[in-house]
Amino acid sequence: MTTPLSSREKKVVELAREARDELVDLVAELVALDTTARMVDDDPPRDEVRLQQSLATRLRGIGAEVDLWEPEPTGRGNRFVPDDLDFKGRPQLAARLAGSGGGRSLLLNGHIDAVTPGPREDWATDPFKAVLKDGQLWGRGVNDMKGGLASLLIALEALHRAGVTLRGDIVYCANTDEESSGAGSLACVQHGVRADAGICGEPTGFDAWVCCRGAVVPIITVEGRAGHAEMPQPHWSEGGAVNAIEKAKIVLGAIETLRGEWRGRPDKNHWCLAPADIVPTIIQGGVWTVTYPPRCSITCEIQYLPANVDSEGTAKAVQAEITDWINAAANADPWLREHPLHWQWMADIVPAEIPADHPLVRTVLDSAADLGRTGKVSGLDSWHDAAHFTRWGHTPTLSFGPAGIESAHASDEHVSVDSLVDHCAAVALAAMRWCGV
Ligand SMILES: [Zn+2]
């Protein structure tokens with residue numbers, strides 16, 4: 001249901017729409033700064049400092065108090081981030097626009113990293129040079145999510161120009177490392193970034209994403225025994241070779257049966273997310289064409305649901321279930337019983353969910369609907385930063401942004417400028433309605 005805008009709201013929407021060219025220019029400026037996500041943990045930084053400084057300058061221009069800092073490196077033993085991850089040259093930004101008091105505070109968040117554009121020849125235009133064509137802006141990160149990051153900022157500038165003083169504080173936060181590990185938003189939460197609720201400007205197509213799945217990745221190594229592959233081998237108990245690739249079939253079979261079991265279980269299914277799943281993604285084994293492979297390792301991508309998070313707020317219960325199931329299958333094999341599987345787990349990216357009837361959900365959906373953009377309550381099957389703010393920052397955070405996720409991570413990524421402008425106006429409206437004026 002749409003409601004008529006108040007005259008003050010009309011003014012803000014008008015100013016947001018008038019800022020169309022500025023919005024396009026800002027997205028282009030952000031796209032030109034290379035903040036490609038790290039592929040390996042020690043990838044050197046690129047233009048992160050310049051990008052954050054440029055956001056900081058604009059935020060200071062509307063009276064925000066800006067905090068720009070490089071988090072301490074993460075240490076070993078933190079299950080939620082890669083070991084020894086360094087933030088040198090990758091500052092995080094948190095800015096506060098103090099309200100007049102008595103209103104609810106609002107976090108506006110976006111990540112500054114974008115996935116690699118891949119080969120240049122896969123693109124019709126230079127991925128680091130935003131091009132405006134047919135009402136669409138093209139370039140790496142325009143919708144995931146330098147577009148949303150820019151429209152959140154221009155929304156604040158529109159409020160400032162309209163002379164609107166919000167009652168609650170606005171916290172604008174731009175972080176790194178969403179695409180790689182989630183370590184940036186976690187560092188922001190650990191730094192104290194909080195609000196009564198939050199909006200992450202991911203490209204939701206004006207939906208409100210209230211949940212996502214989490215991820216945890218095991219590398220399961222199957223042991224064999226090397227030997228000449230052209231020579232008949234005695235039984236392994238008499239010193240014969242064992243083919244680790246063939247033994248890996250036992251692990252793959254156990255994964256397949258567990259996936260089937262999960263499909264029928266209520267706790268592995270969700271009203272708006274894809275079911276929990278285990279997908280084998282990498283297999284490595286073998287050393288020589290004429291040698292029995294002495295080892296074979298299988299990497300899996302495990303997607304788990306908010307309901308599967310254990311009482312400690314981790315995937316440990318999910319891990320135990322998977323380990324027990326696969327080890328049991330391995331134990332039925334005499335060789336593997338004597339040569340147990342070796343398990344290594346990568347960082348645990350924990351999912352989160354906010355209630356579908358959280359008041360901010362209504363606020364953003366109504367604000368968008370009042371501008372002719374009808375969205376619904378939904379979720380994203382893949383993890384995103386809203387989960388860290390929700391789970392660890394005690395800031396119930398949804399994602400709400402422009403259209404275009406279909407081209408996220410793809411070549412020729414694009415976003416509709418109309419959609420960006422409407423997102424900007426809707427966020428300005430939502431901020432007024434949430435924080436109070
Ligand atoms: Zn994103």
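Reckoned from all heavy atoms, side chains included, excluding hydrogens, waters and symmetry mates. In this text the structure is predicted, and so the values were computed from the model without any measurement. Whatever order the structure lists them in is the order used to number ligands and atoms, beginning at 1.
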Practice problem: Can you establish whether the number of heavy atoms outside R295 located under 6.0 Å from its atom CZ is more than 12? | Solution: no

Practice problem: Under the side chain to side chain contact (heavy atoms under 4.5 Å, CB included) rule, collect the residues that match up with P44, sequence neighbours excluded. | Solution: none

Practice problem: Assign the ring pair H191 / W69 to parallel, tilted or perpendicular, where the plane angle (0 to 90°) is split at 30° and 60°. | Solution: parallel

Under 3.5 Å, side-chain donor or acceptor atoms of residues 136-145 against the rest of the protein: list the pairs with distances, not counting sequence neighbours.
{"unit_1": "Q136", "atom_1": "OE1", "unit_2": "S416", "atom_2": "N", "d": "3.3"}
{"unit_1": "W138", "atom_1": "NE1", "unit_2": "K133", "atom_2": "O", "d": "3.4"}
{"unit_1": "R140", "atom_1": "NE", "unit_2": "V115", "atom_2": "O", "d": "2.8"}
{"unit_1": "R140", "atom_1": "NH1", "unit_2": "A410", "atom_2": "O", "d": "2.9"}
{"unit_1": "R140", "atom_1": "NH1", "unit_2": "E413", "atom_2": "OE1", "d": "2.5"}
{"unit_1": "R140", "atom_1": "NH2", "unit_2": "T116", "atom_2": "O", "d": "3.3"}
{"unit_1": "R140", "atom_1": "NH2", "unit_2": "A410", "atom_2": "O", "d": "3.2"}
{"unit_1": "N143", "atom_1": "ND2", "unit_2": "G404", "atom_2": "O", "d": "2.8"}
{"unit_1": "N143", "atom_1": "ND2", "unit_2": "S407", "atom_2": "OG", "d": "3.0"}
{"unit_1": "N143", "atom_1": "ND2", "unit_2": "H414", "atom_2": "O", "d": "2.9"}
{"unit_1": "D144", "atom_1": "OD1", "unit_2": "H111", "atom_2": "NE2", "d": "3.1"}
{"unit_1": "D144", "atom_1": "OD2", "unit_2": "H409", "atom_2": "NE2", "d": "3.0"}

Quiz prompt | For W325, all residues meeting ring-ring contact (aromatic ring centres under 6.0 Å, His included), sequence neighbours excluded | solution = none

Practice problem: Tell me, please, whether F87 has R38 positioned over its six-membered ring: NZ or CZ under 6.0 Å from the ring centre and within 45 degrees of its axis? | Solution: yes

Self-check item: Atoms named by residue and atom, protein N, O or S, within reach of the Zn ion (ligand 1) (under 2.8 Å)
Solution: H111 NE2, D144 OD1, E202 OE1, E202 OE2

